[in-house]
Amino acid sequence: VQRRFAPPKDGGPEVKELPILPGTRWEVEFTLAEGRWLASEIKPDDGDVDDEPELKGPLTQLTDTDFEIAGVKVAYDADTKRQTGAGTAGPELAEGLVVKVRGELADGVLATDRIKFYPTSDKGALEVRATVSSMRYADGSGEVTLGGFTLALTPDTDLGEAAPRA
């Protein structure tokens, strides 16, 4: 797994490395561009590395058995727990509501056992939280795969605590 990149032209340290390692859990906010997930911000997540992946965003393509978040099909059924709180939407599903789902991704479908609702005022930044399975980063770009989801890292990605270090 390549995590090293060339030094900056200004003569900075010769070798740097990102601390985003397989087996660690991270939260990534992202946008969609031409079908690709582009990481806008990445930061450590305090969840357990064995926790199932979580995906948050506005739901679309709603049917009686599934919906989509960021192009990912999310399957649910009558036994799926619906988590609401004061000021949140739900428990009924509707197009455009911001929800967070948790479950395993298999064959492009995330089978969720829980749907968490957010306030209708939440504009729904897209977000995924999961354990990293692979990481590739060189010359300011790369990709990270976590929970079965692959996101592009670009020079515009806010690496925060994950910023390269010597």
Side-chain angles (χ1 to χ4, degrees), residues 1-61 66-75 96-116 118-119 121-166:
V1 174
Q2 183 178 1
R3 289 182 298 274
R4 300 184 187 281
F5 61 93
K9 293 184 172 129
D10 65 2
E14 186 170 317
V15 176
K16 293 186 177 184
E17 186 172 304
L18 292 176
I20 305 168
L21 303 172
T24 60
R25 189 168 172 94
W26 291 80
E27 173 184 331
V28 183
E29 287 187 16
F30 65 95
T31 59
L32 290 172
E34 298 177 10
R36 293 182 63 209
W37 288 18
L38 301 178
S40 51
E41 181 180 4
I42 186 165
K43 56 189 170 187
D45 181 58
D46 59 3
D48 190 281
V49 296
D50 293 326
D51 286 350
E52 294 179 313
E54 297 178 359
L55 180 62
K56 178 185 173 191
L59 68 89
T60 61
Q61 307 297 316
D66 59 53
F67 55 86
E68 290 186 7
I69 297 176
V72 174
K73 184 177 278 195
V74 177
L97 289 181
V98 175
V99 296
K100 183 189 297 183
V101 295
R102 174 180 62 195
E104 290 298 321
L105 182 68
D107 298 323
V109 177
L110 188 146
T112 189
D113 60 357
R114 176 187 64 122
I115 301 171
K116 180 178 180 179
Y118 285 82
S121 61
D122 189 326
K123 297 303 176 211
L126 296 169
E127 177 183 297
V128 62
R129 294 177 184 207
T131 300
V132 173
S133 59
S134 69
M135 172 70 189
R136 183 182 55 77
Y137 188 80
D139 299 322
S141 297
E143 65 182 26
V144 59
T145 301
L146 59 168
F149 304 104
T150 299
L151 297 100
L153 301 172
T154 71
D156 294 327
T157 301
D158 179 355
L159 298 173
E161 292 178 43
R165 59 183 186 213

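Just the heavy atoms: all of them, side chains too, but no hydrogens, waters or symmetry mates, feed the values below.
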Could you tell me the separation between the [atom1] atom of [X] and the [atom2] atom of [Y], rounded to the nearest 0.5 Å?
| X | Y | atom1 | atom2 | value |
| --- | --- | --- | --- | --- |
| Thr112 | Glu54 | OG1 | CD | 9.5 Å |
| Glu52 | Arg129 | CD | CZ | 15.0 Å |
| Ile42 | Thr157 | CD1 | OG1 | 8.0 Å |
| Leu151 | Thr31 | CG | OG1 | 9.5 Å |
| Leu55 | Leu105 | CG | CG | 9.0 Å |
| Thr131 | Asp50 | OG1 | CG | 7.0 Å |

Could you check if a side-chain atom of [X] sits within less than 4.5 angstrom of a side-chain atom of [Y], using non-hydrogen atoms only?
| X | Y | result |
| --- | --- | --- |
| Pro53 | Glu104 | yes |
| Phe149 | Val72 | yes |
| Phe67 | Val101 | yes |
| Trp37 | Leu32 | yes |
| Pro155 | Ser141 | yes |

*asked:* Test salt bridge (Lys or Arg N to Asp or Glu O under 4.0 Å) on Asp122 and Lys56; report intermediate values, then the result.
replied: CA-CA 11 Å; Asp122 189 326; Lys56 178 185 173 191; 3.6 Å; yes
Minimum heavy-atom distance [X]-[Y], with the two atoms named:
| X | Y | value |
| --- | --- | --- |
| Lys100 | Tyr118 | CE-OH, 3.0 Å |
| Ala130 | Leu146 | O-CD1, 3.5 Å |
| Glu29 | Ala125 | OE1-CB, 4.3 Å |
| Leu126 | Pro58 | CD2-CD, 3.9 Å |
| Leu153 | Ala39 | CD2-CB, 3.7 Å |
| Val132 | Trp26 | CG2-CD1, 3.5 Å |

*If only atom types and distance count, is the side chain of Ser133 paired as donor or acceptor with the main-chain N or O of Thr145 below 3.5 Å?*
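Such a contact is found between Ser133 side chain and Thr145 backbone.
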